[in-house]
Amino acid sequence: MKLPAARHDWDIDTQAAAAVQRELAGRIIRRGSLGKLRYAAGLDCAFPAEGRECLAAAIVWDMEKSCIVEEQHATAPTLFPYIPGFLSFREAPAILAALEKVQHRVDLLMFDGHGIAHPRRLGIASHVGLLCDMPSVACAKSRLTGLHVEPGPQRGNRTQLLAKDGEELGAVLRTRDNVKPVYVSIGHKTTLDEAVNTVLRCGRGLRLPEPTRLADKRVAEIKKDMART
DNA sequence: GCGACAG
DNA sequence: ATCTTGTCGC
């Protein structure tokens, strides 16, 4: 897919990165887009070569037929260490490279990580969604920020993830009966309800939605045969 | 200064 | 994320 050329530097320190996040956060659109949402691109990364490079995979999932329609992957040098709150500066370059290779139509991006449920309201889903100017949803396996009570035990049960000042940051969603819930939040150009529905629609019997779960599986496989050669 | 802390 | 085998449960 064609991605906007205007981007910022990635090889910067945490102070500059935080400044970028605060500036870009103001451009995030917390409303739904117009078009039909059928093709979701799940993104995830792994770190081959002892972490010196980042490998990203994009799995384009047909939400109607529940099948993969395309998959691409790319690598980029790892320019940033893992620091909570700055995940996108570590993974976004490789993810954008993988997305550039995608030929099929994509209606939304799905991430393993947070969106606006972030200290400066610009988690990786929001950051990449904004740079691609695409609707994006976030589905993280654990909390980064925000407060919440435990949701009910059944699939579909949810509670609010709230900031100290009461701002709604996301939803703590049970995607499988009696299994640890996931943290869903708006990335860009979506509403929280759309994000929650998308996550539920993309997941059947498992805790994580298919697009990101399959992307995780892919990078693990690729990394594996990268190692044995 | 002391905890918390996506992947 | 990554290092790692078997094992308990649906």
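- At a threshold of 4.5 Å between non-hydrogen side-chain atoms, the residues A:F47 and A:E53 do not count as touching.
- For the pair A:L144 CG and B:dG7 P, the computed distance is 9 Å after rounding to whole Å.
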The dot-bracket string of DNA chain B, counting Watson-Crick and G-U wobble pairs with both distances under 3.5 Å, using [ ] for crossing pairs and | for pairs to another strand, is .......

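- Rounded to whole Å, the distance from NZ on A:K223 to C1' on B:dG7 is 12 Å.
- Of the candidate nucleotides B:dA4, B:dA6, B:dG7, B:dA4 has the atom lying nearest to any side-chain atom of A:R143.
- In this structure, the side chains of A:K141 and A:D112 come closer than 4.5 Å at one or more pairs of heavy atoms.
- In this model, the phosphate group of B:dA6 is not approached by any side-chain N or O of A:K141 to a distance below 4.0 Å at OP1 or OP2.
- Among the heavy atoms of the strands lying under 4.0 Å from A:D216 are primed sugar atoms or P, OP1, OP2 only; no base atom is included.
- The separation between A:F89 atom CZ and B:dG7 atom P is 18 Å, rounded to whole Å.
- Residue A:S142 places at least one side-chain N or O under 4.0 Å from the OP1 or OP2 atom of B:dG7.
- Here A:Y183 does not reach the OP1 or OP2 of B:dA6: none of its side-chain N or O atoms lies under 4.0 Å away.
- Atom CG in A:L43 sits about 15 Å away from atom C1' in B:dA6, given to the nearest Å.
- Whole-Å rounding puts the A:Q21 CD to B:dA6 C1' distance at 12 Å.
- In this structure the side chain of A:L79 never reaches within 4.5 angstrom of the side chain of A:F89, judged on heavy atoms.
- One atom, CG of A:L169, and another, C1' of B:dA4, lie 15 Å apart when rounded to the nearest Å.
- Within 4.0 Å (heavy atoms only), A:N178 reaches no atom of the nucleic acid at all.
- Contacts of A:G51 with the nucleic acid, taken as non-hydrogen atoms under 4.0 Å apart, are absent.
- A:L173 places a side-chain heavy atom less than 4.5 Å from the side chain of A:V199.
- A:F86 comes within contact range of at least one nucleobase, with a heavy-atom separation under 4.0 Å.
- Under a hydrophobic-cluster definition in which Ile, Leu, Val, Met, Phe, Trp and Tyr are linked whenever side-chain heavy atoms come within less than 4.5 Å, directly or via other members, A:Y39 and A:I68 are assigned to different clusters.
- For A:E150, the CD atom sits in a packed shell: over 12 heavy atoms of surrounding residues, nucleotides or ligands are nearer than 6.0 Å.
- Within the 4.0 Å cut-off from OP1 or OP2 of B:dG7, not a single side-chain nitrogen or oxygen of A:R90 is found.
- Backbone-only contact: A:A46 has heavy atoms under 4.0 Å from sugar-phosphate atoms and none from a base.
- A nucleotide of DNA chain C counts as in contact with chain A when one of its atoms lies under 4.0 Å from a heavy atom; the first and last such, 5' to 3', are C:dA1 to C:dT2.
- Counting to the nearest Å, the P atom of B:dA6 and the CG atom of A:D44 are 15 Å from each other.
- Within the 4.5 Å cutoff, the side chain of A:E167 has no heavy atoms near those of the A:L162 side chain.
- Residues A:L122 and A:L24 share a closest heavy-atom pair of CD2-CB, 3.8 Å.
- Using modelled atom types, one finds no donor on one side chain facing an acceptor on the other under 3.5 Å when comparing A:E23 with A:Q21.
- Pairs engaging residues 86-95 of chain A under the side chain to side chain donor-acceptor pair (under 3.5 Å) rule: A:S88-A:H127 [sequence neighbours left out].
- The distance between atom NE2 of A:H127 and atom C1' of B:dG7, rounded to the nearest whole Å, is 16 Å.
- Among the heavy atoms of the strands lying under 4.0 Å from A:F47 are primed sugar atoms or P, OP1, OP2 only; no base atom is included.
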